[in-house]
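Let me begin by presenting the structure, written as structure tokens, before commenting on it.
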2 protein chains.
Amino acid sequence: MKPRKRKRLEAAGWRVGDAAEFLGLSGEERALLELRLALADEVRHTRTSQGTTQAQLAERLGSSQSRVAKLEAGDPSVSADLLLRALFALGVSMRDLAEVVASLKGVGGRGGARGRSRRRPDPRR
Amino acid sequence: MKPRKRKRLEAAGWRVGDAAEFLGLSGEERALLELRLALADEVRHTRTSQGTTQAQLAERLGSSQSRVAKLEAGDPSVSADLLLRALFALGVSMRDLAEVVASLKGVGGRGGARGRSRRRPDPRR
DNA sequence: ACGCGGCATGTCCGATGTGACATAGGCACC
DNA sequence: GGTGCCTATGTCACATCGGACATGCCGCGT
């Protein structure tokens with residue numbers, strides 16, 4: 001897909017939480033994007049709070065500093081796999097991970113404990 | 001890296017829950033593997049409970065039936081990205097996803113999950 | 001038995017992620 | 001100013017992933 005480049009651009013001036021709305025992203029793409037950003041954010045957060053450098057993390061991952069930088073920047077060229085590996089390499093537990101995911105539940109406004117949007121995808125066929 | 005090949009082999013004769021222990025998998029690789037399997041499981045589960053076929057899901061994803069099959073089989077050739085896209089395409093919410101992740105929190109060595117019995121109630125409310 | 005729909009497995013080849021490297025900006029400290 | 005450390009960005013060769021296609025297996029209804 002080509003829109004990858006676009007994502008890059010967006011990634012530039014971005015704000016977790018309300019960005020994707022502008023774009024013509026389908027629900028699933030949107031959710032995935034959001035999740036990725038949240039994970040990227042979590043990586044940086046955890047890393048810095050541990051006093052670890054990008055280079056050190058890279059080494060643990062068998063990767064390179066530049067990739068870690070891109071990773072944390074939410075660059076589309078990094079896969080979810082790498083994001084997850086990074087998190088685990090930092091010692092993030094499943095529980096922590098679950099919390100991060102859970103914090104995105106309502107997409108729209110953060111903190112949205114409100115919407116109990118529990119509905120089926122879409123019955124059309 | 002090379003250990004990818006290994007994963008393939010392992011994937012052949014596999015058993016959810018107690019497999020990774022034998023292999024020389026580092027904690028992070030192990031966690032990732034486990035997460036992937038749980039997600040794959042969740043895909044199949046959600047899909048079947050909706051009465052959707054692999055082919056239909058594949059179409060929604062812009063993919064093919066064979067890939068979905070591999071996906072659900074936990075084949076290493078499918079990325080976490082695809083796994084997540086599949087879940088979202090099935091209408092799984094962040095909340096549901098978080099629950100799946102949370103259900104793995106303790107899987108460490110012992111304890112839980114021996115073999116196949118470890119089936120969580122049923123994610124759907 | 002036959003056909004059929006759903007799933008699994010294997011193999012291509014084009015698309016994309018990955019590590020390594022180079023390079024630059026920002027800071028702190030001497 | 002100069003040095004060292006951390007991070008950001010770009011590029012590239014190579015490995016892996018991804019969709020498509022082919023094929024086989026299995027259960028089921030006719």
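Just so we're on the same page: letters track the sequence lines, and every chain starts at 1.
Taking the C1' atoms of five terminal pairs at each end of the helix from C/dA1-D/dT30 to C/dC30-D/dG1, the two resulting helix axes are inclined by 30°, rounded to 10°.
At D/dG19, one or more side-chain N or O atoms of B/S63 fall inside 4.0 Å of OP1 or OP2 (strictly under the cut-off). Contact check, A/R44 against D/dA8: a side-chain N or O comes under 4.0 Å of OP1 or OP2.
Remark: the backbone N or O of A/L61 is paired with a side-chain donor or acceptor of A/R85 at under 3.5 angstrom.
Atom C1' of nucleotide C/dG17 and atom CZ of A/R36 are separated by 10 Å, given to the nearest angstrom. When the C1' atom of D/dC6 is taken as reference, atom CD of A/E59 falls 15 Å away, rounded to whole Å. The CG atom of B/L82 sits 18 Å away from the P atom of D/dT16 (whole-angstrom rounding). If you measure from atom CG of B/L57 to atom P of D/dG18, you get 14 Å, rounded to the nearest angstrom. Note: CD (B/Q54) to C1' (D/dG19) measures 15 Å, nearest angstrom. Put simply, CG on B/D75 is 9 Å from P on C/dT9, counting in whole angstrom units. The CG atom of A/D81 sits 10 Å away from the C1' atom of C/dG17 (whole-angstrom rounding). Atom CG in A/L71 sits roughly 17 Å away from atom C1' in D/dG10 (whole-Å rounding).
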Pairwise N/O distances under 3.5 Å, protein to nucleotides 22-30 of chain C:
none

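In the displayed structure, A/Q56 atom CD is contacted under 6.0 Å by more than 12 heavy atoms of other residues, nucleotides or ligands.
DNA chain C is contacted by both B/T48 and B/R67; B/T48 maps to the nucleotide lying nearer its 5′ end (nearest heavy atom per residue).
B/S79 comes within 4.0 angstrom of sugar-phosphate atoms only, judged by non-hydrogen atoms across all strands, and of no base. Note on B/S64: a base of the nucleic acid sits closer than 4.0 angstrom, heavy atoms only. Looking at heavy-atom distances under 4.0 Å, B/V78 makes contact with sugar-phosphate atoms alone, never a base.
Interatomic distance, CG of A/L39 versus CG of A/L83, reported as 5.5 Å (0.5 Å rounding).
Listed nucleotides D/dA8, D/dC6, D/dG19 differ in distance to B/R85; the shortest reach to its side chain belongs to D/dG19.
Residues passing the side-chain contact (heavy atoms from CB on, under 4.5 Å) test with A/A80 are B/A80, B/D81, B/L84, sequence neighbours excluded. Listed by chain and residue number, A/D75 satisfy the side chain to side chain donor-acceptor pair (under 3.5 Å) test with A/S77 (two or more places apart in sequence, or in another chain). A/T46 meets the side-chain contact (heavy atoms from CB on, under 4.5 Å) test with A/E42, A/Q50, A/L90, A/V92; sequence neighbours excluded.
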*Per-nucleotide protein contact string for nucleotides 25-30 of chain D (B base, S sugar-phosphate only, - none; heavy atom under 4.0 Å)*: ------
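Put simply, the side chain of A/V68 does not reach to within 4.5 Å of the side chain of A/V78, judged on heavy atoms. Counting heavy atoms from C-beta outward, A/L33 and A/L37 have side chains that approach closer than 4.5 Å.
Between the base of D/dG10 and the side chain of A/K70 there is a donor-acceptor pair shorter than 3.5 Å.
When all heavy atoms are compared, the tightest approach of B/L57 to B/A86 is CD1-O, 4.2 Å. Residues B/A38 and B/L104 share a closest heavy-atom pair of CB-CD1, 3.6 Å. Taking all atoms of both residues into account, the shortest heavy-atom contact from A/L97 to A/F88 is CD2-CZ, 4.0 Å.
Applying salt bridge (charged side-chain N to carboxylate O under 4.0 Å, His left out) to B/E72 and the options B/R67, B/R47, B/R36 leaves one that passes, B/R47.
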